[in-house]
Number of protein chains: 2
Amino acid sequence: MRQSIKTGTDRVTIAQVAREAGVSKTSVSRYLGGEFDALSVRLRDQIGKTIARLGYQPSQMARGLKGGRTRLIGMLVADILNPYSVAVLHGAEAACQKHGYTLMLCNTGNDEAREKQSLAALHSYSVEGLLFNTQGRNVTPLRELGQAAFPVVLLDRHVEGCDFDLVGLDNVKAAQLGTRHLLAQGYTDIALVVQPLYGVSSRQGRQAGFLQAMSERPDCHGETLEVDLEQPGHVATVLREFFLRRAAAGSQGRVAILAGNGMVSLQIALALQSMKLRFPDDLGLLCFDELAWSPLVGSGISTIEQPTYEIGFTAIERLLVRIQGERSVRMELLLDGRLIHRGSSASVAEHPERARVAGISEKIHTTNTLQYATA
Amino acid sequence: MRQSIKTGTDRVTIAQVAREAGVSKTSVSRYLGGEFDALSVRLRDQIGKTIARLGYQPSQMARGLKGGRTRLIGMLVADILNPYSVAVLHGAEAACQKHGYTLMLCNTGNDEAREKQSLAALHSYSVEGLLFNTQGRNVTPLRELGQAAFPVVLLDRHVEGCDFDLVGLDNVKAAQLGTRHLLAQGYTDIALVVQPLYGVSSRQGRQAGFLQAMSERPDCHGETLEVDLEQPGHVATVLREFFLRRAAAGSQGRVAILAGNGMVSLQIALALQSMKLRFPDDLGLLCFDELAWSPLVGSGISTIEQPTYEIGFTAIERLLVRIQGERSVRMELLLDGRLIHRGSSASVAEHPERARVAGISEKIHTTNTLQYATA
DNA sequence: CTGTTAGCGCCTTCAC
DNA sequence: GTGAAGGCGCTAACAG
């Protein structure tokens, strides 16, 4: 019994198998292709045994060369440090393995140049399809892919001017769910905190759901706060301004924050910590994306959980359908979020002092200097 | 100017470029290979322009076929849900991009069968080298790689009977650093909590460092607690038994826990929460692996940060050196950890009641029934 | 300096 | 049923 893994030079080839089995390369190829009906039992046996004995493994490179299947799928991730991306990657990788595909991963780090470069790299390996989760900018190369009817599935956000399939969360619905939850818990002054909306459809969807749910309650106040996560201390500043604005408006309401995604959640939690604000005593909090540590901070952070694994898995399966030649119109697969209720969005009903605008602004003034020092 | 991205059939080939430029394929190939000294300026120009005009991109598959460089690196990850793995992946991917390589990612999910299968898949694509972070079991296929002098770099843990290069943390040193920190802060009864040591060198290294540091203080007590993260409630049970054991031993000391990695940290934090134990009031806590939420829980969790990005980046660069044919003896690159001091390992000196064995066991008894109910 | 030739490992006609 | 021949896109001798 010889080794089952060969390197470069001494790699077992189809020719070797053919020779040792005393058959032609064609027959071996047929065996590999599963064309058993075109093969006598004797040959089939012989080939099977020889393959096993030699530990032969066909080279995907050679197979792919013939314009055929490379069984390769490329995945472009906007930010591998984003837990959402990793969770989706998890599902995608599993689906690939299930179907005998292998994933080529590129992290674009939210950088257009690297995105373009990665796209080129993946193309040079003749990937059969692409999973795309990235900024909506610089869409020209993507458009070309679209014109060429190249199989692409978008994750989370769609790209202007491209009619690719999309798999993601039903953002509008999820945001409504979350907003209504906060309202039902007695919160009246709610801020949706998101990264810049510009061009990112998922963020816009969440805002739409938020605004819609808020509009059902004219007695309540909702606003969207855009934050720049790159800029240290920006989240804290924006939050403070919001609180002060509500105080200045003379609101007697109950304040809550709806965090637009996991990255924002983290920065908000850090900002609130630096401002010495606690939930739900000082304000309510609900975050998009269930994270490992959600149960741990304070009395637990309420979240809207995305079915990330399913998103990744489904996206790959949809992509495979396209790869198999399906040419139907663009399809959008939107999965539902799930609300996980914890302490941070506890009801305000029987707690007259909880999450009051007045309370927050008082605390803020107290810790004002400290805050600027740490920011 | 034609499109720069082509799909399968209408792909631009080297032959087309050669024809349109009025030269031979060889010359174009030389151009691609950067052999400019063997090319007249006129040809060089002509080829360059034609390539740009046609948007030609060489097929890596075809290049790789010729027994040459595929510029592909395979990465096997034990568990993509482990933040450590992702952080290392981040660095590895960056290094690959820097050097024009592409990463093929496989998640083995700690499963031997999938590990073997992934190895086969990567091999079938003729990856030039392998980054390996996985369980030490089922090493036979790995040994074969070793015998074939196939370039492999191990991450974090080495594999018995294989003399591959290794990049990871200096576990002994880091554990000593952490343990001495806890001792210096006044903790005397310390438990190192790790996943099963069996066969995992990094865990063994951490234990070695821990024991060594503890041996410098015969007046203190240290023990290693192995936990099974798959088994719900196991961490809580093991911790409780430890506390009770210390109490039964009549210890008047100060208790602290040293968590063996990020996954363990999370489970410990959850277990302590379920037991209603707080740090540093009820006990001290120091965790391997700096996580996004480390500053957020309680008064912040002290950690031993690993240079994960560097580990991934360095591992790839080491692998590339091997790929370029370096045949020197096995090399181990151990990077230093960094202690991040937060509230959870606060000094016990001027707090007579803090982290007392007696205090903990009392609390445990109180919450006994509740604990079992939630576990 | 440049081009011709011969494969790399596989699949796919096309004959037998 | 089976096999021989040709070609996928590229690189690597070998000639001029």
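Order of the sequence lines sets the chain letters (A, B, ...), proteins ahead of strands, with each chain counted from 1. Please read these numbers as outputs of a predicted model, since none were measured by experiment. Below, each value reflects all heavy atoms present in this structure, side chains not excepted, and no hydrogens, waters or symmetry copies.
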Tell me: [atom1] of [X] to [atom2] of [N], nearest whole Å?
{"X": "B:R19", "N": "D:dG9", "atom1": "CZ", "atom2": "C1'", "result": "13 Å"}
{"X": "A:L65", "N": "D:dC10", "atom1": "CG", "atom2": "C1'", "result": "8 Å"}
{"X": "A:Q60", "N": "C:dG9", "atom1": "CD", "atom2": "C1'", "result": "12 Å"}
{"X": "A:I47", "N": "D:dG1", "atom1": "CD1", "atom2": "P", "result": "14 Å"}
{"X": "B:M61", "N": "C:dC11", "atom1": "CE", "atom2": "P", "result": "13 Å"}
{"X": "B:D45", "N": "C:dC1", "atom1": "CG", "atom2": "P", "result": "15 Å"}
{"X": "A:Q46", "N": "D:dG1", "atom1": "CD", "atom2": "P", "result": "16 Å"}
{"X": "A:H123", "N": "D:dG9", "atom1": "NE2", "atom2": "P", "result": "12 Å"}

Closest to side chain of A:K66, choosing from C:dG7, D:dC10, D:dC8: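 So the side chain of A:K66 is nearest to D:dC8.
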
Partner residues of B:S24 under the side-chain contact (heavy atoms from CB on, under 4.5 Å) criterion, sequence neighbours left out: B:T26, B:S27

Does D:dT11 have its OP1 or OP2 closer than 4.0 Å to a side-chain nitrogen or oxygen of B:R63?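 Yes, such a contact exists.
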
Would you say a side-chain N or O of B:S24 is under 4.0 Å from OP1 or OP2 of C:dG3?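 Answer yes for this pair, as a side-chain N or O of B:S24 is under 4.0 Å from OP1 or OP2.
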
Partners passing salt bridge (charged side-chain N to carboxylate O under 4.0 Å, His left out) against [X] (at least two apart in sequence or in another chain):
{"X": "A:R143", "answer": "none"}
{"X": "A:E332", "answer": "A:R330"}
{"X": "A:D165", "answer": "A:R318, A:R322"}

Take B:L119 and B:F132 through the test side-chain contact (heavy atoms from CB on, under 4.5 Å) and record every step on the way to the result. CA-CA 10 Å; B:L119 217 46; B:F132 220 94; 3.6 Å; yes

Any side-chain donor-acceptor pair under 3.5 Å between B:R71 and B:Q60? no

Starting from the first five and the last five pairs of the helix from C:dC1-D:dG16 to C:dC16-D:dG1, work out the angle between the resulting helix axes, to 10 degrees. 40°

If you compare all heavy atoms of A:T50 against all heavy atoms of A:V17, which two are closest, and at what distance to 0.1 Å?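 Nearest heavy atoms, A:T50 then A:V17: CG2-O, 3.8 Å.
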
Closer than 3.5 angstrom, by distance alone: can the side chain of A:T70 be matched with the main-chain N or O of A:S126 as a donor-acceptor pair?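 Present.
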
What parts of residues 25-43 of chain A reach DNA chain C, counting only heavy atoms under 4.0 Å away? A:K25, A:T26, A:S29, A:R30, A:L32

Determine whether B:Y84 and B:I311 satisfy the following criterion, side-chain contact (heavy atoms from CB on, under 4.5 Å), listing intermediate values before the conclusion. CA-CA 10 Å; B:Y84 170 83; B:I311 289 175; 4.1 Å; yes

